[in-house]
Amino acid sequence: MSSGYIAQQIVNGLILGSMYALVAIGFSMIYGIIRLINFAHGEIVMIGAFTTLGLLQYLGLPFPLVALAVLIVGAVVGILIEKGAFRPMRGAPQVTGFIASLGVSIMLQNLGILFLTAQPRNFSFPDYLQRVIQVGPVSFRSIDAVIMSIALILMGALLFLVHRTKLGMAMRATAENIDVARLMGININRTIMATFAMGSALAGIAGLMWGGKFGQIDPLLGFVPGLKSFVAAVIGGVGSIPGAILGGYILGLAEVLFVGLLPPIYSAFRDAFVFSTLILILLILPNGILGKGMEERV
Amino acid sequence: MAAPSNRAWHVVLLVAGGLLVLVARATVNEYILSIINFVGIYIILAVSLNITNGFTGLFSLGHPGFMAIGGYVTAVLTFPVTRKAMFLELPRWLAGLQLPLLPALLAGGLCAALTAFVVGIPVLRLKGHYLAVATMGFLIIVQVLITNWESVTRGPLGLNGLPALTTLWWVYPWVAVTVYAAWKIKFSSFGRSMLAIREDPLAAQCIGIHLFKTRVLSLAIGAFFAGVAGGLWAHLVTAITPASFSLVMAFNIVVMVVVGGTGSISGSFVAAVIFSVITEFFRPLEESFDIYGIGEILMAAVLILILIYRPTGIFGSREPRFLVAKES
Amino acid sequence: MLQIADIHVYRGKTHVLKGVRLDVRKGEIAALIGANGAGKTTLLRTISGLLRPARGKILLEGSRTAGRMDISRLAPEGITKLGVIHCPEGRGIFSQLTVRENLMIGAYLRSDKEGIAADYERVCTLFPILGSRSNQAGGSLSGGEQEMLAVGRALMGRPELLLLDEPSLGLGPIIVDTLFATLAEINAQGVTLLLVEQNAVKALLLAHRAWVLEIGRVTLSGSSRELIDDENVKKAYLGGT
């Protein structure tokens with residue numbers, strides 16, 4: 001096993017990790033603010049992927065415009081889900097919200113099947129995004145570079161927004177104590193909506209990346225990134241944005257290296273590996289690496 | 001809490017059920033019969049999940065995982081010896097073994113319950129939605145293991161050509177046994193411990209209820225019936241694949257329990273009947289009009305509406321008055 | 001300034017406030033004393049809009065209201081905007097936010113940058129410790145410092161009426177004295193105070209007028225002098241003699 005091979009695997013892991021991290025951020029933010037495990041979050045990845053397909057391939061819009069549109073679509077869908085399903089049951093037990101989010105998830109998947117059919121569709125980016133770049137022993141496509149840089153830019157922008165703006169301050173305050181936040185004059189409905197919008201925008205753009213990376217999309221594609229990003233968020237510590245980013249990259253790297261470095265027979269067990277890790281972390285390190293304490297422990 | 005059950009009504013219901021089965025056997029066609037069988041299996045699943053989820057408040061999404069274990073164990077045990085030799089590479093004692101359905105089902109249920117013990121001991125330390133997520137992880141792990149254990153399960157192909165052993169006379173007695181067991185548990189001191197844990201684990205512990213033991217037991221009891229249901233399922237469909245027992249199925253069963261009322265046996269029963277009839281009714285409709293997904297969309301919509309407007313479900317935790325004897 | 005007219009509040013099925021009436025005059029320090037569970041916190045939470053009364057009115061007359069206005073149906077953010085600011089029980093410091101951010105969030109509804117900066121300076125003069133710890137996390141402060149932060153944060157919202165829920169809870173006697181002196185100073189600068197306290201002696205010494213709340217009803221009211229001398233109050237809340 002050459003060092004070039006390992007370097008290549010690490011780059012692949014970082015690409016996958018970028019996507020997990022983007023989706024995990026939303027998971028973590030939403031959990032942080034209303035203690036909801038939003039299972040429907042993965043479906044926004046699917047919606048982002050199909051939006052990209054429609055705008056880029058069928059309408060032929062330029063790529064930067066498509067990326068922007070995907071961010072917006074993601075945000076809007078996030079807002080609609082929050083308003084339609086989660087706001088009416090705010091204050092209910094946490095499990096209620098989780099089950100409702102499963103319901104939303106299944107609903108969106110099946111709306112996808114209903115309107116788009118379950119047939120997988122090929123997804124291809126324009127040639128300039130498909131060019132292969134060779135850096136030393138490592139090769140990747142230009143889209144992979146775009147994925148990684150967009151992810152870094154958006155994460156930077158998000159961290160700035162959350163830590164350096166008034167809205168971000170309101171979001172952090174609401175996450176910590178909803179009642180006191182209201183006493184400060186913060187409109188928590190708007191703050192929660194903004195949180196869903198931001199998290200979902202990132203999940204939408206992750207859908208664009210998912211399509212670009214794997215080349216094929218179908219209405220059920222949100223399941224895997226959704227679930228794995230949740231694992232990533234738990235690894236990093238649910239509720240913490242830096243934790244979600246860290247968890248995303250760790251999971252991406254671990255998964256790729258698990259498959260790439262172990263004998264091939266083990267690679268079929270990759271998902272079992274991911275979820276065993278989840279259960280282990282929940283049991284041993286319930287607050288994750290950067291988390292700050294978890295509710296509901298009796 | 002309600003006093004002992006009203007036995008007269010139970011006997012009446014049992015006899016009526018038996019008569020209905022007789023009538024159904026004599027009148028309706030194969031297709032409808034298979035639907036009635038599915039309904040029965042869903043009743044077993046919903047009522048048994050209610051023991052875990054409704055009584056003790058353990059939100060498990062792992063039910064199909066236990067079903068899968070029960071289903072595969074039963075299927076391997078009833079598989080004709082000649083076909084076993086053709087398809088599978090089994091240890092010698094298993095290769096030459098072909099059991100009738102009843103012991104196979106019991107073995108399947110016991111294996112599922114045993115798994116529940118092994119899995120439950122670490123996992124049941126988690127609470128609330130973290131437990132839900134962990135059991136979902138369990139379900140996925142079971143699927144991956146079954147997919148890759150090709151010498152016994154034939155991997156993704158699954159086992160097909162199973163003997164079509166499941167009939168109404170198998171399903172509905174099991175329905176009766178499940179409901180009876182759930183009822184007995186609910187109105188026993190063990191059942192009251194379960195409900196106490198659901199309402200307030202700390203207080204329950206303070207009055208001397210062994211939290212962990214009760215939790216593990218209630219998971220295992222639910223798993224036993226799920227395993228049996230898996231076996232019945234396999235011999236009704238006459239095929240079994242890793243994909244048969246999915247998260248969507250977990251979701252459907254959870255919907256039945258939540259909509260019926262977590263903790264209400266009658267509620268789970270009624271919701272299981274309604275939902276499985278609706279799903280089976282929509283299936284041909286979806287196929288003929290090419291509108292796949294409508295059933296699931298409706299199911300999810302009903303769930304969300306119930307969670308918003310009637311979070312305790314149709315029946316709450318109660319049973320209909322006439323089935324429960326007057327309070328003393 | 002604030003008139004509470006026959007307020008009834010339920011929490012779940014429990015009838016917590018059973019027709020409370022009281023009025024706070026502009027410029028005074030009013031105190032509400034009573035035992036645990038009497039409904040003091042519930043009353044403050046109702047005034048600030050976190051709880052909705054089942055019946056009754058809460059009338060506010062301030063410089064930001066048009067005449068007298070019923071605020072009992074407003075959301076908390078609307079009430080804060082009118083200058084009624086609630087320092088919650090247990091202080092409610094945002095422990096992950098810095099001290100400076102905690103103060104700034106008190107001015108969340110304001111947009112006058114210069115005024116905010118001036119008030120920030122003012123709060124830091126009033127509580128010098130806050131200025132010197134401005135970049136520390138709120139959660140790292142001691143109990144007394146957190147109470148100062150909570151009061152300072154409320155001041156950042158330019159209150160006309162300040163609702164204080166048990167400011168002395170868990171603090172040592174010396175710190176309580178400093179804190180109460182500062183409260184008097186704040187009042188002297190024109191802020192009306194409604195103080196809820198279990199520490200009845202301290203509260204009555206600071207306040208102009210006071211009420212005694214017992215299981216959801218006001219049972220006694222008057223100037224704090226009168227209440228200090230009242231035999232029943234002495235026995236029940238001031239530790240006898």
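In this text the structure is predicted, and so the values were computed from the model without any measurement. The figures that follow rest on heavy atoms only: side chains count, while hydrogens, waters and symmetry mates do not. Letters A, B, ... are given to chains in the order of the sequence lines, protein chains preceding strands, and every chain is numbered from 1.
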Contact summary for B:Leu126 and A:Leu283, nearest pair of heavy atoms: CG-CD2, 4.0 Å
Part of A:Val231 within contact of chain B (heavy atom distance under 4.5 Å): neither
Part of B:Ile297 within contact of chain A (heavy atom distance under 4.5 Å): both
Residue, of A:Ala92, A:Pro219, A:Ala272, that accumulates the most heavy atom pairs under 4.5 Å with chain B: A:Ala272
Nearest-0.5 Å distance, CD1 of residue B:Ile308 to CZ of residue A:Arg90: 12.0 Å
Chain A contact via B:Met299 - which portion, at a heavy-atom distance below 4.5 Å: neither
Closest non-hydrogen atom pair, B:Ala132 against A:Phe98: CB-CE2, 3.4 Å
Engaged part of A:Ser105 at the chain B interface, taking heavy atoms whose separation is under 4.5 Å: neither
A:Arg190 atom CZ, over 12 foreign heavy atoms within 6.0 Å: no
Gap separating the OG1 atom of A:Thr96 from the CZ atom of B:Phe59, nearest 0.5 angstrom: 7.5 Å
Minimum heavy-atom distance between B:Ala300 and A:Gly103, given as atom pair plus value: CB-O, 3.3 Å
Part of B:Ile304 within contact of chain A (heavy atom distance under 4.5 Å): both
Engaged part of B:Leu61 at the chain A interface, taking heavy atoms whose separation is under 4.5 Å: side chain
Interface moiety of B:Pro122 toward chain A, non-hydrogen atoms closer than 4.5 Å: both
Atom group of A:Phe230 that falls short of 4.5 Å from chain B, counting heavy atoms: side chain
B:Leu145 versus A:Phe269, closest heavy-atom pair with distance: CD2-CE2, 3.7 Å
Between CE on residue A:Met89 and CD1 on residue B:Ile306, distance to nearest 0.5 Å: 11.0 Å
Enclosure of B:Phe269 CZ (heavy-atom neighbours >12, cutoff 6.0 Å): no
Side-chain heavy-atom pair A:Phe39, B:Leu247 within 4.5 angstrom cut-off: yes
Candidate pair B:Ile141 and A:Ile279, rule side chain to side chain contact (heavy atoms under 4.5 Å, CB included), full reasoning: CA-CA 11 Å; B:Ile141 293 170; A:Ile279 295 175; 4.2 Å; yes
Per-residue contact mode, A:Ile99 against chain B (heavy atom under 4.5 angstrom): both
Residue A:Ala100 versus chain B: region with a heavy atom under 4.5 Å: both
Test log, rule side chain to side chain contact (heavy atoms under 4.5 Å, CB included), inputs A:Leu227 and B:Met136: CA-CA 10 Å; A:Leu227 221 50; B:Met136 187 171 75; 3.1 Å; yes
Residue, of A:Ile106, A:Leu36, A:Ile113, that accumulates the most heavy atom pairs under 4.5 Å with chain B: A:Ile106
Residue A:Phe115 versus chain B: region with a heavy atom under 4.5 Å: neither
Proximity breakdown for B:Val133 and chain A, heavy-atom pairs closer than 4.5 Å: both
